[in-house]
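Beneath this line is the structure, given in structure tokens, with notes to follow.
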Protein chains: 2
Amino acid sequence: MPGKRVPEPERREQILAATYDVAAEHGLWETTILRVAAAANVSPGLVIFHFETRRQLLLALLDHVLATTTVLLVDPAVAALPSPTERLIAVLRREMSRLTSEPLRIRLTFDYWMAGVRDAAIREKLQTEFARYRASFRPLAAEVLRAEPDRFADVTPEGLAGLAVSLIKGCAVQSMIDAERFDVDDHLAAAVGLMTNVRPASTTV
Amino acid sequence: MPGKRVPEPERREQILAATYDVAAEHGLWETTILRVAAAANVSPGLVIFHFETRRQLLLALLDHVLATTTVLLVDPAVAALPSPTERLIAVLRREMSRLTSEPLRIRLTFDYWMAGVRDAAIREKLQTEFARYRASFRPLAAEVLRAEPDRFADVTPEGLAGLAVSLIKGCAVQSMIDAERFDVDDHLAAAVGLMTNVRPASTTV
DNA sequence: CGTTGTATTGAACGGAAGTTCAATACGAGA
DNA sequence: TCTCGTATTGAACTTCCGTTCAATACAACG
């Protein structure tokens, strides 16, 4: 005895939202069609009807997650900072705090990284996302390099942007496994130390 | 009709080795007792007999992997380098190349990171391993800071070691997902640029 | 109001996994 | 040689999952 009919796009979104809830709570490998159906108050058959297959459901969820994740936001307050280094640091700080403020989303992203290791379709989606993320760091990195061309003679904007991305992803790992010990400020202090040039003379007198 | 009897510790190792093979090839979530039993030429029941449960088998495998992974090796050639910064960079280079030279082991480690997100027992084991890894970076970091106390006034050895670990783990993520694009030298060049101080004057004439 | 297409249900099927267990054969000690 | 403990087997049980499909009811259209 079928239930109320709903226009197709809304149903897809409803099921996708339920999938997100289940996956965020239980992880990708516990995200079964039966659980999703239950979470969406819908029959298992309907999930298959709209997504064909479990695999495609999870791919659709990945698309949804990537589409609704703000890649990198450089807000006006950051853009107003005088030195390029400060701007980069400010962006790094913001990205690192996101790790602790959106744990569910990050955990789910993690699951997809893991799945991407063995699944080519997922891996490709992640690669383009990684590239976007790296590209969003590029202008910031380029400004930093331009400010001190002598010091950074061998460093390319790509390289510095890649370094920043690696750092963020590494922090993501640490914050997932070792949340209590992970401290944004410790990391940033060290990063600032590395990026900041030596003062001509000690001004702390 | 039982087969040959084997002293207990050898059987455990044999099954563990088979588990490693299966997990390295198919991933943790495809590592089933049946597959492990087949790979070890042994009955499924025997696997349970020795490890009680699938979960405990995977925990034992994690212990095995961690125990047989060299934490961090600072070989004599590195120790002989004159500057602390060069030593740290050399170690970072070695760790990064390990990512591409031991892909199977790294992939498996990756699986456990992900599993640790939702499994407390796995997470605890990883936390102590992370701590060991960080600790092995500490002396190197401390030397770097001691060499330039003015510049690194606000940086603690812990902080710099943590930064190095985050960087390595981030590189691991990138090399897993984006192996073709990941380039050790790019990353290192950028890192060297950050860590190297400005030369008093251009000596390239 | 009748027809038609389709969204929806829920039962059913096949497969695979983890675990249990009675039966069995090997090895060591008496 | 006999006995006993235990390592080992493999079939059986349970559970759950993905997927299929015939039946069904709703909505739109004529």
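In what follows, every chain begins at residue 1, and chains take the letters A, B, ... in the order their sequences are listed. Atoms considered below: every heavy atom in the structure, side chains included; atoms not considered: hydrogens, waters and symmetry mates.
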Mind calculating the distance between CZ (A:Arg11) and P (C:dT6) to the nearest angstrom? 17 Å

Students often mix this up, so state it plainly: with edges at 30° and 60°, are the rings of B:His187 and B:Phe182 parallel, tilted or perpendicular? tilted

Return the value, rounded to whole Å, for the distance between atom CD of A:Gln14 and atom P of C:dA7. 15 Å

So, are B:Arg132 and B:Glu129 salt-bridged, with charged N and O less than 4.0 Å apart? yes

What residues in residues 16-46 of chain B put a non-hydrogen atom under 4.0 Å from any atom of DNA chain C? B:Thr32, B:Ile33, B:Leu34

Is B:Glu95 paired with B:Arg98 through a side-chain N to carboxylate O contact shorter than 4.0 Å? yes

Could you grab the distance from atom CG of B:Asp186 to atom CG of A:Leu163, nearest 0.5 Å is fine? 10.5 Å

Can you tell which of B:Ile33, B:Thr31, B:Thr32 makes a side-chain contact (heavy atoms from CB on, under 4.5 Å) with B:Arg35? B:Thr32

Classify the ring geometry between B:Phe110 and B:Trp113 as parallel (under 30°), tilted (30 to 60°) or perpendicular (over 60°). tilted

A:Leu108 vs A:Tyr20, side chain to side chain contact (heavy atoms under 4.5 Å, CB included): CA-CA, chis, key distance, verdict: CA-CA 9 Å; A:Leu108 184 50; A:Tyr20 178 87; 3.6 Å; yes

Let's see if you get this right: which residues in residues 48-64 of chain B place a heavy atom under 4.0 Å from DNA chain C? B:Ile48, B:Thr53, B:Arg54

Assess the residue pair A:Arg134 and B:Arg181 against the criterion (side chain to side chain contact (heavy atoms under 4.5 Å, CB included)); give the C-alpha distance rounded to whole Å, side-chain angles, the decisive distance to 0.1 Å, and a yes or no. CA-CA 12 Å; A:Arg134 209 181 316 115; B:Arg181 188 182 297 263; 3.1 Å; yes

Under a 4.0 Å threshold between the charged nitrogen and the carboxylate oxygen, would A:Arg93 count as salt-bridged to A:Asp185? yes

A:Tyr112 six-ring centre to A:Lys125 NZ/CZ under 6.0 Å and within 45° of normal: no

Terminal axes of the helix from C:dC1-D:dG30 to C:dA30-D:dT1 (5 end pairs apiece), angle rounded to 10 degrees, sit apart by 0°

